Engineer: 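My questions all concern the structure below.
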Protein chains: 2
Amino acid sequence: MVILLAADSSYKDKKVITIGIVSELTGLTERQIRYYEERKLVFPYRTPGGSRRYSFADVELLVEIANKIEDGVQTYEIRQEMVKQKKRNEAEEHKKMIQGQINAHFGIRKK
Amino acid sequence: MVILLAADSSYKDKKVITIGIVSELTGLTERQIRYYEERKLVFPYRTPGGSRRYSFADVELLVEIANKIEDGVQTYEIRQEMVKQKKRNEAEEHKKMIQGQINAHFGIRKK
DNA sequence: CGTGTAAGGAATTCTGACACG
DNA sequence: CGTGTAAGGAATTCTGACACG
């Protein structure tokens with residue numbers, strides 16, 4: 001029997017980090033970080049005052065993006081990959097939801 | 001039987017949150033947050049420019065502090081508790097370290 | 001295409017102090 | 001003791017643009 005307690009995603013997904021800190025954390029310039037947003041690769045939260053707030057998940061994503069760009073991948077292509085991945089995830093979600101409804105109707109049998 | 005506890009402390013302890021965000025997260029005013037630092041209850045990182053950066057652990061600590069103050073506990077008393085707790089932790093650490101050295105010398109037997 | 005930079009403005013944060021109690 | 005506030009300054013962030021290539 002295995003009991004696994006998942007990583008605390010609450011911290012990872014909270015958008016609380018300013019662009020200056022993200023710059024330090026990733027080694028990217030603020031210019032680069034803003035540009036990747038312009039290309040719709042990252043979506044920081046915006047405060048009422050207009051400044052950007054990133055999550056740790058965003059920070060990790062930014063590093064991945066930067067690596068791909070270093071490898072010669074264009075932002076447009078990276079965007080395409082992300083859209084595709086998102087669709088796969090949604091399909092998976094949908095599948096799980098349907099299964100959940102089936103279970104709700106016929107009862108859940110677990111090995 | 002295996003019990004795995006992940007608790008990603010890497011995110012929790014990184015000092016990356018500005019005082020404004022901490023204020024939103026905790027509901028405390030910036031004045032309160034700065035005062036608790038003055039009373040040596042929290043220790044944010046300082047950027048070269050002089051501004052404070054807090055971790056999620058700090059945020060949680062601040063909430064606990066605020067609760068105690070609401071209960072009428074004075075900052076000085078809270079400080080005393082923290083110092084005592086720290087000493088207990090260090091004693092525990094020391095004990096573990098000693099045991100580690102013993103194990104290193106005589107071999108580790110695990111049940 | 002991806003990034004650097006100077007420009008001017010706006011939002012954020014800092015400290016020390018006076019105030020109340 | 002714990003917190004509010006006005007004050008002036010410094011650090012941070014924002015946008016739009018010009019530049020290179």
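Worth saying up front: this structure is predicted, and the values here are computed from it rather than measured. Quick note on labels: first sequence line is chain A, next is B, and so on, each numbered from 1. Computed from heavy atoms alone, side chains included, the values below leave out hydrogens, waters and symmetry copies.
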Engineer: Of all of residues 52-71 of chain B, which get a heavy atom below 4.0 angstrom from DNA chain C, listed by number?
Structural biologist: B/Arg52
Engineer: Within the structure provided, determine whether A/Arg52 and A/Arg46 are in side-chain contact (heavy-atom separation under 4.5 Å).
Structural biologist: yes
Engineer: Hey, are the side chains of A/Arg88 and A/Gln85 touching, using non-hydrogen atoms and a 4.5 Å cut-off?
Structural biologist: yes
Engineer: Toss me the dot-bracket line for DNA chain C: Watson-Crick and G-U wobble, both under 3.5 Å, 5' to 3', using | for pairs to another strand and [ ] for crossers.
Structural biologist: .||||.||.|.|.||.||||.
Engineer: A/Thr18 side chain: which of C/dG2, D/dT15, D/dT13 is closest?
Structural biologist: D/dT13
Engineer: Give the intermediate values and the outcome of salt bridge (Lys or Arg N to Asp or Glu O under 4.0 Å) for residues B/Arg34 and B/Glu38.
Structural biologist: CA-CA 6 Å; B/Arg34 293 197 187 101; B/Glu38 188 183 319; over 6 Å; no
Engineer: Taking the side chain as C-beta and beyond, is there a heavy-atom pair between B/Tyr36 and B/Leu28 under 4.5 Å?
Structural biologist: yes
Engineer: Mind checking whether B/Gln99 and B/Lys96 have side chains closer than 4.5 Å, heavy atoms only?
Structural biologist: no
Engineer: Specify the separation, in whole Å, of atom OH of B/Tyr76 and atom C1' of D/dG2.
Structural biologist: 18 Å
Engineer: Say whether, by atom type as modelled, one donor and one acceptor occur between the side chain of A/Ser51 and the main chain of A/Thr47 under 3.5 angstrom.
Structural biologist: no
Engineer: Is the shortest side-chain heavy-atom distance between B/Tyr54 and B/Leu25 below 4.5 Å?
Structural biologist: no
Engineer: Does B/Ser51 place a side-chain N or O at less than 4.0 Å from the phosphate oxygens OP1/OP2 of C/dT12?
Structural biologist: no
Engineer: Give, ordered by number, those residues of residues 29-44 of chain A having at least one heavy-atom distance below 4.0 Å to an atom of DNA chain C; if nothing qualifies, reply none.
Structural biologist: A/Thr29, A/Arg31, A/Gln32, A/Tyr35, A/Tyr36, A/Arg39
Engineer: Checking the side chain of A/Asp58 only, and the main-chain atoms of A/Ser55 only, is there a donor and an acceptor separated by less than 3.5 Å?
Structural biologist: yes
Engineer: Between A/Glu64 and A/Lys68, does any side-chain N to carboxylate O distance fall below 4.0 Å?
Structural biologist: no
Engineer: Do the non-hydrogen side-chain atoms of B/Val16 and B/Arg53 ever get within less than 4.5 Å of each other?
Structural biologist: no
Engineer: Hey, is the main chain of B/Phe43 close enough, under 3.5 Å, to the side chain of B/Lys15 for a donor-acceptor pair?
Structural biologist: yes
Engineer: For A/Leu28 and D/dT13, what is the distance between atoms CG and P respectively, to the nearest whole Å?
Structural biologist: 15 Å
Engineer: To the nearest angstrom, how far is A/Ile21 atom CD1 from D/dT12 atom C1'?
Structural biologist: 10 Å
